[in-house]
Amino acid sequence: MSSKFTTREADFPRWYQEVVAAGDLAENAPVRGCMVIKPHGYALWENIRDRLDQMFKETGHVNAYFPLFIPKSFIDKEADHVEGFAPEVAVVTHAGGKQLEEPLVVRPTSETIIGHMYAKWIQSHRDLPVLINQWANVVRWEMRPRLFLRTTEFLWQEGHTAHATAEEAEAETLQMLEVYARLAEDYLAIPVRKGIKSRMETFPGALRTYCIEGLMQDGKALQMGTSHNLGQNFAKAFDIQFQDTDGQRKHVFTTSWGVSTRLVGAVIMAHGDDRGIVLPPRVAPVQAVLVPIFRKPEERDAVLAAARRAIDGLKAAGVRAKLDDREQLKPGPKFFEWEKKGVPVRLEMGPRDLKDNQVVMVRRDQEGKNAVSLDVLTETVLKTLEDVQSSLFERALERRDAMTNKAASMGEFEEILDGTGGFVEALTDGTDESEKAVKDNTKATIRIVLEDGDVGGECMVTGKPATRRALFARAY
RNA sequence: CGGGGUGUAGCGCAGCCUGGUUAGCGCGCUUGACUGGGGGUCAAGAGGUCGGAAGUUCGAAUCUUCUCACCCCGACCA
C-alpha cells in the first residue's frame, strides 16, 4: 500500500520525474531536451487538443497549416522579435548536400511566416477578420529541459488573427484568454489567475501579452497560456495592409495566442499525489477501469461476462471505460498500474461481488472503497466522475488561495516566498529596474500586473510612491 | 561557456584504489508450476565489443594518455 515515489514534500522536481515515468506518459529522447510522448501521455494531449479545437471552432476560427522552415530574414524583420528569439532558435544551414543560400530557421513560433502570407491574402476590409489557428510543433533550444514543462521541441496550437481595428484585435485577444481560462478551470480543473504581463515579460514584438497563471503544489507558478495583442507591429514589419471602407490603405491589427503540451505538466503538478498522477475525469483517457478478480475457470467466465456487461453499460452512457482482462497480471499489480496512471475511478469485480450483485468502487482522489449495486452502476460512475472533477478543482482552488498572500515590504515578500511560496501581491514603482531587482534578489517574477496607476502605498524596492500592484511568484 | 561528476546486460548499480580463472547483484525479460480481493513463491533460462582509440604488461573493466558522450550546478523561456 505504501508508495515508492519520492514524496512531493521531500523533492518536488524528483517526484515529478518519477511520476511521469511511472505513469507511462513520456520519456527523454536521445537528443537532449526532446521527449517521446508515449500513448497514455499523447491520449491526454489529444483530449486537451480536441476540446480546445472545438472551442476554437465555436468562436469562429478555422485551422490551417504553415511550414516548419522559415527564411531567416523573416525573423529579422521585427526588431523585438529577433532579439527575443535569437538565443533559442535552431537554424538549418545545410541541406541537399550543400550550404543553403539563405539559412532556414526552424520555427520557434509562426508570426513571421504567417504575417508574410497574410500580406498576400489581405487586400480589402472585406477580407477581414482572418481567424486562423494551427496545430504544430515548434522548436526553442532549451538549456534546462523538463518533460512537458520545458522541452526543446513541443506541440502546441498557435492562433493568428488579423483585424481592421485595434478594438477588434483587443476583443479577440481577451476572448481567447477567456477560452484558455475556461479550458484550464472547467476541463483541467486548475484554477487560474488571468491578467496582463509586465513590459519585461511581454512577448517579443507584442503590444500587450495576457496570460493565465496556475499555481502548482510546490508553490511555483506556471504560465499555462498566453494571448498577445500584437497591435500593428507585425502588420508594419510584413506590410499587411487593407483598403478600408473610407478608401484609405491601413495596416491591420493582429493577435496571436497559444497553449502547449506544457498543460500536461500542469495537470500532473496541480493534481498528482504521492501515489502518482491524478487525472481530472474530463481529460482522462480512461475514466473508469474495471479489474476482474477470479481463481477458478468457472469464476473467470462468470466474472468476465458480468464485467463486459458493466463496461458496455458504461460505454453506452459515454464513459471512457476499460476492462483490464489481462490474465498474466494479478489484480494487485493492476490496481497499482492504473493508480499511477491517474485513472479517476477503479472498479473491482470478483465472485463475492457477483453474489451480492455489486462492484467495489475506488476513487483515485480519495482513500477507501465502496460497494455499488450493479443496478445503479452507470449512473453512480457518471456522478462520481463529476464529483471527482469538481473536488479536484475545489482542492486546487483552496491550495491556491491558501498560497496567495500580500507583502508590504521586501522582507515580508521574501519571507512568504521562502515559506509557503505561492503568489505574492505587492506594490512597486512600475519600473523595469525594480522588477529586475526583485527577480535578481528573489527569483520571483511578475506573473500578472493587477493594476497600474494610482495604487497608493510605496514601492517595496525603492520606497518611492507605488504606481503598480502586481502578482509575483517564482515560476517554472 | 565556467565549476563538479558519470560511462559495466533493457533499467539501476557493485567490482577499479591494491591488474590474475567462466565479470557480478537488484529490478525487468523468457518458460513452467503453484498462486490470484493491493506490488506473490519456486524452478529453469536468455541477455555484456566493461563508451571509443592507443599504450604499459605474460595478462587490463581495473594502470597511463588521448577522445567521445551524457548528467548536475551558475546567465533565457509556452
Side-chain angles (χ1 to χ4, degrees), chain A residues 1-5 13-14 17-18 21-22 27-33 83-89 107-110 136-146 148-159 180 184 197 200-204 206 209-214 221-228 256-266 275-276 291-297 299-300 303 326-340 346-356 358-362 367-369 371 436 439-440 443 445 475-476:
Chain A
M1 196 73 186
S2 70
S3 124
K4 287 181 174 173
F5 297 120
R14 193 164 156 200
Q17 282 190 302
E18 290 177 1
E27 59 187 67
N28 283 308
V31 175
R32 180 185 154 79
E83 197 187 334
F85 280 106
E88 42 186 334
V89 157
R107 64 179 166 220
T109 178
S110 305
N137 58 336
V138 287
V139 167
R140 299 181 186 178
W141 219 253
E142 284 295 342
M143 312 207 185
R144 292 230 175 296
R146 287 248 257 145
F148 293 111
L149 300 175
R150 237 188 287 109
T151 49
T152 285
E153 180 192 12
F154 57 93
L155 304 182
W156 79 341
Q157 64 58 222
E158 45 179 326
Y180 288 158
K197 284 292 187 198
M200 278 178 68
E201 301 278 334
T202 296
F203 177 78
T209 291
Y210 296 92
C211 68
I212 54 170
E213 292 280 330
L222 182 72
Q223 181 168 301
M224 292 172 60
T226 48
S227 185
H228 315 292
S256 69
W257 24 275
V259 299
S260 71
T261 35
R262 168 179 271 192
L263 290 178
V264 175
R275 293 182 295 160
V291 177
I293 297 156
F294 49 79
R295 293 180 216 193
K296 304 170 208 142
E299 286 176 348
R300 172 184 181 279
V303 169
R326 290 174 296 175
E327 304 218 355
Q328 62 276 26
L329 280 184
K330 296 204 306 174
K334 290 181 182 176
F335 296 164
F336 282 103
E337 180 176 327
W338 293 111
E339 194 164 84
K340 286 183 292 192
R346 184 179 77 236
L347 303 170
E348 309 173 8
M349 183 190 274
R352 295 208 299 264
D353 300 307
L354 279 195
K355 211 167 294 168
D356 299 335
Q358 66 172 36
V359 296
V360 170
M361 185 176 78
V362 181
E367 301 286 335
K369 303 185 174 189
K436 198 162 181 315
K439 185 177 179 179
D440 291 345
K443 297 197 190 259
T445 50
Y476 279 100

Rounded to the nearest angstrom, tell me the gap between atom NZ in A:Lys340 and atom C1' in B:G39.
8 Å
What integer number of Å spans the C1' atoms of B:A9 and B:A46?
11 Å
Write down the distance separating the P atoms in B:A53 and B:A60, rounded off to the nearest Å.
14 Å
Using a cut-off of 4.0 Å on non-hydrogen atoms, how would the nucleic acid contact of A:Gly258 be classed: base, sugar-phosphate, or nothing?
nothing
If you measure from the P atom in B:A61 to the same atom in B:U41, how many Å do you get, rounded?
36 Å
B:G2 pairs with which nucleotide, Watson-Crick or G-U wobble, both distances below 3.5 Å?
B:C73
Determine the interatomic distance between P on B:U67 and the same-named atom on B:C58; round to the nearest Å.
28 Å
Could you tell me the Watson-Crick or G-U partner of B:A14, where both distances fall under 3.5 Å? Say none if there is no partner.
none
Judged by modelled atom types alone, do A:Ser256 and A:His228 share a side-chain donor-acceptor pair under 3.5 Å?
no
Do A:Tyr180 and A:Tyr210 pass the ring-ring contact (aromatic ring centres under 6.0 Å, His included) test, and can you show the C-alpha distance, the side-chain angles, and the key distance before you say yes or no?
CA-CA 11 Å; A:Tyr180 288 158; A:Tyr210 296 92; over 10 Å; no
When rounded to whole Å, the CD to P distance for the pair A:Glu142 and B:C71 reads 14 Å
Taking only the P atom of each, what is the distance from B:C1 to B:G10 in whole angstrom?
32 Å
In whole Å, measure the gap between the C1' atoms of B:G48 and B:U22 for me.
13 Å
Once you round it to whole Å, what is the distance between P of B:C72 and CZ of A:Arg146?
11 Å
Quantified in whole Å, what is the C1' atom distance between nucleotide B:U49 and nucleotide B:A44?
28 Å
Side chain A:Arg140 and base B:C77 donor-acceptor under 3.5 Å
no
With a non-hydrogen cut-off below 4.0 angstrom, is A:Glu337 in contact with a base, only sugar-phosphate, or nothing?
nothing
Please work out if A:Leu149 contacts a base, only the sugar-phosphate, or nothing of the nucleic acid, heavy-atom cut-off 4.0 Å.
base
Separation of atom CZ in A:Phe203 from atom P in B:A78, rounded to whole Å:
8 Å
Using the six-membered base ring of B:A78, report whether A:Phe154 stacks on it, requiring centroids under 5.5 Å and planes under 30° apart.
yes
Separation of A:Glu201 atom CD from B:C77 atom P, in whole Å?
7 Å
Could you tell me whether A:Arg144 contacts a base, only the sugar-phosphate backbone, or nothing, with contacts defined as non-hydrogen atoms closer than 4.0 Å?
base
When all nucleic acid strands are considered with a 4.0 Å heavy-atom cut-off, which category describes A:Glu299: base, sugar-phosphate, or nothing?
nothing
What is the base-pairing partner of B:A9, counting Watson-Crick and G-U wobble geometry with both distances under 3.5 Å?
none
Does the structure show a Watson-Crick or G-U wobble partner for B:G36, both distances under 3.5 Å? Name it, or say none.
none
Taking the minimum atom-to-atom distance to the side chain of A:Arg32, which one of B:G37, B:C72, B:G38 wins?
B:C72
Determine, step by step, whether A:Gln358 and A:Arg352 satisfy the side chain to side chain contact (heavy atoms under 4.5 Å, CB included) criterion, reporting the C-alpha distance in whole Å, the side-chain angles of both residues, the deciding distance to 0.1 Å, and the verdict.
CA-CA 9 Å; A:Gln358 66 172 36; A:Arg352 295 208 299 264; over 6 Å; no
For B:A23, the Watson-Crick or wobble partner whose two distances fall under 3.5 Å
none
With rounding to the nearest 0.5 angstrom, report the CG to OG distance, A:Asn137 to A:Ser260.
12.5 Å
For the residue pair A:Arg150 and A:Tyr476, would you count it as a cation-pi contact if the rule is NZ or CZ under 6.0 angstrom from the ring centre and within 45 degrees of the ring axis?
no
For A:Thr152 and A:Glu142, does a side-chain donor sit closer than 3.5 Å to a side-chain acceptor?
no
Integer-rounded Å distance: B:C1 P and A:Met143 CE:
12 Å
Does any nucleotide pair with B:A44 by Watson-Crick or G-U wobble geometry, both distances under 3.5 Å, and what is it?
B:U30
Nearest of B:C77, B:C72, B:G38 to any side-chain atom of A:Arg346?
B:G38
Centroid distance under 5.5 Å and plane angle under 30°, A:Phe335 vs B:G38:
no
Minimum side-chain heavy-atom gap A:Phe154-A:Arg140 below 4.5 Å:
yes
Between A:Gln328 (CD) and B:G40 (P), how many Å, whole number?
14 Å
Looking only at B:A75, B:A78, B:G37, the nucleotide nearest the A:Pro331 side chain is B:G37
Taking atom P in both B:C42 and B:G28, what distance in whole Å separates the two?
13 Å
Checking all strands, does A:Val360 fall into the base, sugar-phosphate, or nothing category for heavy-atom contacts under 4.0 angstrom?
base
So what does A:Lys334 touch, heavy atoms closer than 4.0 Å: a base, only the sugar-phosphate, or nothing?
nothing
Between A:Pro333 and A:Pro145, just flag the one whose closest nucleotide in RNA chain B comes earlier from the 5' side.
A:Pro333
Which nucleotide in B:A78, B:G39, B:U35 has an atom nearest any side-chain atom of A:Lys330
B:U35
In Watson-Crick or G-U wobble terms, both distances under 3.5 Å, what is the partner of B:C66?
B:G52
Assign A:Thr151 to base, sugar-phosphate, or nothing according to its heavy-atom contacts below 4.0 angstrom with the strands shown.
base
To the nearest angstrom, how far is A:Arg295 atom CZ from B:G37 atom P?
7 Å
Of all heavy-atom pairs between A:Glu348 and A:Ile293, which one has the smallest distance, and what is that distance?
CB-CD1, 4.1 Å
By nearest-heavy-atom nucleotide on RNA chain B, the more 5' of A:Pro87 and A:Arg326 is A:Arg326
